[in-house]
Participant: 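The structure that follows is given in the form of structure tokens.
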Amino acid sequence: MSTAKPKLNFYNTLTRSKAPFEPMDANNVRMYACGPTVYDFAHIGNGRAAIVFDLLFRVLRYTYGAEHVTYVRNLTDVDDKINARALRDHPDLPLNEAIRKVTETTAAQYQKDVAALGCMEPTVQPRATDNIEEMQRLIATLIERDHAYETNGEVLFAVDSMDEYGQLSGRSLEDNLAGARIAVESHKRNPADFVLWKQSSPEEPGWDSPWGRGRPGWHIECSAMSERYLGKTFDIHGGGLDLIFPHHENEIAQSRCAHGSHAMANVWMHNGFLQVEGQKMSKSLGNFFTIQQLLETTDFGGRTWPGEVLRLAIFMTNYREPIDFTQRRLEEALNLLEKWERAAGDTAPAAELAPDLVAQLADDLDTPGAVAKIHALIMDEGRAADGLALADLMGIKIKRDMAVDTSVAEKVAARLAALNAKSFAEADAIRNELAAQGIALLDGKDENGQRTTKWELKR
């Protein structure tokens with residue numbers, strides 16, 4: 001790797017401006033991204049967030065060195081629906097064990113899905129259920145500092161106790177509505193006060209606590225886990241636009257008030273919304289697609305879609321912009337990948353990637369610009385090695401080996417000879433063998449009427 005580093009600039013939701021990124025410690029760059037609630041399989045909107053922050057992780061590793069970057073992405077397995085299912089299906093097990101059994105399939109599917117999308121494993125992937133004590137300690141501190149209070153079986157955060165509440169979302173205190181994944185009663189000092197801990201009835205699952213047996217609110221888990229693994233203040237916090245309010249606003253309030261700090265994270269980055277074929281994704285509209293459906297079924301567009309195609313399609317739109325996820329866009333991504341593969345031939349990626357080639361990514365993860373750069377390097381500038389190295393950095397898988405396998409050309413020639421010899425069974429057998437390898441054959445005739453066969457790699 002070159003010793004030179006690109007100068008990174010990121011858009012910060014908190015300041016509503018783009019500015020040079022200066023980590024707190026270049027030898028210990030720390031980022032946190034909100035992961036999924038593992039109640040059900042993750043949808044493609046979840047996939048976009050995973051891809052975006054995986055790219056950020058990669059760019060930070062390239063810039064500061066892999067050993068100097070820590071990426072935490074949580075799994076939310078504390079949720080009233082999960083809790084209820086755990087109690088129903090495994091009443092004889094301790095709650096944490098019951099939740100683990102309920103969520104092990106969906107959590108494993110999420111890991112499989114995002115790996116297929118080209119995402120690296122984060123440094124740490126903590127579960128909320130493994131951090132209940134950390135949440136309780138944070139809540140106790142907020143009560144001690146007069147930022148939280150007990151009432152009617154709940155512990156609530158007092159938003160009036162924080163002068164800068166609403167700074168991230170830009171919402172005034174009067175406009176804010178309480179946000180939580182569990183029901184909120186009307187016994188609050190301020191309608192915007194939100195739940196930190198809620199007592200459970202004898203029929204409901206819960207954990208023992210100083211405020212009675214109960215379960216945590218949604219927002220407290222990320223404050224607790226980010227502190228545990230990254231410290232009281234860290235460099236970057238990411239997530240979808242839908243999390244700005246109330247989730248991220250409330251995380252900031254909890255963390256800053258508990259620690260008396262100026263910030264929870266210095267930079268807040270949010271990816272835009274995703275719609276499908278021009279409409280908001282909704283089960284009622286029949287356009288709700290999980291990552292697993294896209295990868296493994298023909299439910300969208302009548303075919304399966306490889307992870308590298310989905311990843312490239314996501315990159316064709318700037319991460320902060322809304323994206324219209326369409327069959328046409330996936331076909332464009334597929335065609336682009338196949339063009340790169342044919343043009344790259346047997347070229348290997350460059351051993352080093354010069355900082356100037358990362359200029360688009362360094363400029364607030366400008367992925368459309370980076371995709372255009374890959375295309376120019378491979379197709380126009382005769383610099384396929386550099387283009388492949390940039391694609392590698394972005395986690396875009398280009399199947400070089402298959403595209404240039406000389407044995408494919410030999411088999412195509414053997415099939416053509418079999419056809420000319422009217423050995424059709426032999427020709428069909430070769431076609432089937434190549435099809436199993438993802439090779440499509442295109443038969444035709446030249447200007448003299450002689451048989452010709454072209455081939456291409458299909459996904």
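Because the structure is a prediction, the values reported are computed rather than measured.
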Participant: Check Asp80 with Arg215, please: is the shortest side-chain N to carboxylate O separation under 4.0 Å?
Facilitator: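 Yes.
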Participant: Would you mind checking if Arg256 and Glu164 are paired as a salt bridge, meaning a charged N to carboxylate O distance below 4.0 Å?
Facilitator: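 Arg256 and Glu164: salt-bridged.
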Participant: Please find out if less than 6.0 Å separates the ring center of Phe289 from that of His43.
Facilitator: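 That pair fails the under 6.0 Å test.
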Participant: Does any donor atom in the side chain of Gln109 or Asp113 lie under 3.5 Å from an acceptor atom in the other side chain?
Facilitator: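 Result is yes, a qualifying pair exists.
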Participant: Taking the side chain as every heavy atom from C-beta outward, state whether Ser255 and Lys232 have any atom pair closer than 4.5 Å.
Facilitator: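 When only atoms from C-beta onward are counted, Lys232 and Ser255 do not touch, as no gap falls below 4.5 Å.
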Participant: Under a 4.0 Å N-O cut-off, is there an ion pair linking Arg320 with Asp364?
Facilitator: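 Yes, this pair counts.
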Participant: Is it the case that the side chains of Thr76 and Arg127 hold a donor-acceptor pair, with the cut-off being a distance below 3.5 Å and no angle test?
Facilitator: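 No - no donor-acceptor pair under 3.5 Å links their side chains.
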Participant: Do the side chain of Gln199 and the main chain of Trp211 share a donor and acceptor less than 3.5 angstrom apart?
Facilitator: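 Checking the backbone N and O of Trp211 against the side chain of Gln199, a donor-acceptor pair under 3.5 Å is found.
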Participant: Please list, chain by chain and in numerical order, all residues satisfying salt bridge (Lys or Arg N to Asp or Glu O under 4.0 Å) with Arg85, sequence neighbours excluded.
Facilitator: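 For Arg85, no residue satisfies salt bridge (Lys or Arg N to Asp or Glu O under 4.0 Å) once neighbours in sequence are set aside.
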Participant: Are Gln125 and Gln111 close enough that a side-chain donor and a side-chain acceptor fall under 3.5 Å?
Facilitator: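 Per modelled atom types, Gln125 and Gln111 side chains form a pair under 3.5 Å.
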Participant: Run the salt bridge (Lys or Arg N to Asp or Glu O under 4.0 Å) test against Glu332 and tell me which residues pass, sequence neighbours left out.
Facilitator: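 In terms of salt bridge (Lys or Arg N to Asp or Glu O under 4.0 Å), with neighbours along the sequence ignored, Glu332 is linked to Arg328, Arg329.
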Participant: Please answer whether the main-chain N or O of Asp366 pairs with a side-chain N or O of Asn318 as donor and acceptor at a distance below 3.5 Å.
Facilitator: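 No, because the side chain of Asn318 does not come within donor-acceptor range (under 3.5 Å) of the backbone of Asp366.
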Participant: Do the side chains of Asp54 and Arg311 get close enough for a salt bridge, i.e. N-O under 4.0 angstrom?
Facilitator: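 Yes, this pair counts.
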Participant: Answer yes if the side chains of Ser169 and Glu249 hold a donor-acceptor pair under 3.5 Å, and no otherwise.
Facilitator: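 Ser169 vs Glu249: donor-acceptor pair found between side chains.
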Participant: Of all heavy-atom pairs between Ile99 and Asp77, which one has the smallest distance, and what is that distance?
Facilitator: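 Smallest heavy-atom distance, with atoms named: CG2-O, 3.3 Å.
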Participant: Roughly how far, to the nearest 0.5 Å, is the CD atom of Glu321 from the OG1 atom of Thr367?
Facilitator: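 It is 10.5 Å, given to the nearest 0.5 Å.
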Participant: Could you verify whether a donor N or O on one side chain and an acceptor N or O on the other, from Asn96 and Trp207, lie under 3.5 Å apart?
Facilitator: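 Yes, side-chain donor-acceptor contact under 3.5 Å.
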Participant: Parallel, tilted or perpendicular for Phe194 and Tyr165, by the 30°/60° rule?
Facilitator: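 Aromatic pair Phe194/Tyr165 classed parallel.
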Participant: Distance-only, no hydrogens or angles: does the Asn287 side chain make a donor-acceptor pair with backbone N or O of Ser282 under 3.5 Å?
Facilitator: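 Pair found, side chain donor or acceptor close to backbone of Ser282.
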Participant: So does Arg137 get a backbone contact from the side chain of Thr141, meaning a donor-acceptor N/O pair under 3.5 Å?
Facilitator: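 Yes.
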Participant: Could you check whether any side-chain N or O of Gln293 sits under 3.5 Å from a backbone N or O of Thr290, counting only pairs where one atom can act as donor and the other as acceptor?
Facilitator: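 Yes; judged by distance alone, with no hydrogens or angles, the pair exists.
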Participant: Just wondering, do Tyr319 and Leu56 contact through their side chains at under 4.5 Å, heavy atoms?
Facilitator: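 No. Closest side-chain heavy atoms not under 4.5 Å.
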Participant: Assess the side chains of Gln275 and Gln279: does a donor N or O sit below 3.5 Å from an acceptor N or O?
Facilitator: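 Looking only at side-chain atoms, Gln279 and Gln275 do not form any donor-acceptor pair under 3.5 Å.
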Participant: Are the side chains of Leu361 and Leu390 in touch, meaning some heavy atoms are under 4.5 Å apart?
Facilitator: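 Yes, their side chains come closer than 4.5 Å.
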Participant: Check this for me, if you would: do Lys198 and Glu204 make a salt bridge, where the nitrogen-to-carboxylate-oxygen distance has to be below 4.0 angstrom?
Facilitator: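 Salt bridge between Lys198 and Glu204, a charged N being under 4.0 Å from a carboxylate O: no.
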Participant: Among residues at least two apart in sequence or on other chains, which ones pass salt bridge (Lys or Arg N to Asp or Glu O under 4.0 Å) with Arg30?
Facilitator: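 So Arg30 forms no salt bridge (Lys or Arg N to Asp or Glu O under 4.0 Å) with any residue.
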Participant: I'd like to know whether His248 forms a ring-ring contact (aromatic ring centres under 6.0 Å, His included) with His219, so could you lay out the CA-CA distance, the side-chain angles of the two residues, the decisive distance to 0.1 Å, and finally the verdict.
Facilitator: CA-CA 8 Å; His248 287 170; His219 316 298; 9.6 Å; no
Participant: How about Asp299 and Thr297: does a side-chain donor come under 3.5 Å of a side-chain acceptor?
Facilitator: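 On atom types as modelled, these side chains qualify, holding a pair under 3.5 Å.
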Participant: Okay, side chain of Asn131, backbone of Ala128: is any donor-acceptor separation there less than 3.5 Å?
Facilitator: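 No, because the side chain of Asn131 does not come within donor-acceptor range (under 3.5 Å) of the backbone of Ala128.
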Participant: Distance only, no hydrogens: is a donor on one side chain within 3.5 Å (strictly under) of an acceptor on the other, for His147 and Ser161?
Facilitator: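 There is such a pair (donor and acceptor under 3.5 Å, judged by atom type) between the side chains of His147 and Ser161.
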Participant: Under 3.5 Å, is there a donor on one side chain and an acceptor on the other for Asn27 and Tyr64?
Facilitator: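 Looking only at side-chain atoms, Tyr64 and Asn27 do not form any donor-acceptor pair under 3.5 Å.
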Participant: When you compare the side chain of Phe325 with that of Ile314, does any pair of heavy atoms fall below 4.5 Å?
Facilitator: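 They are in side-chain contact.
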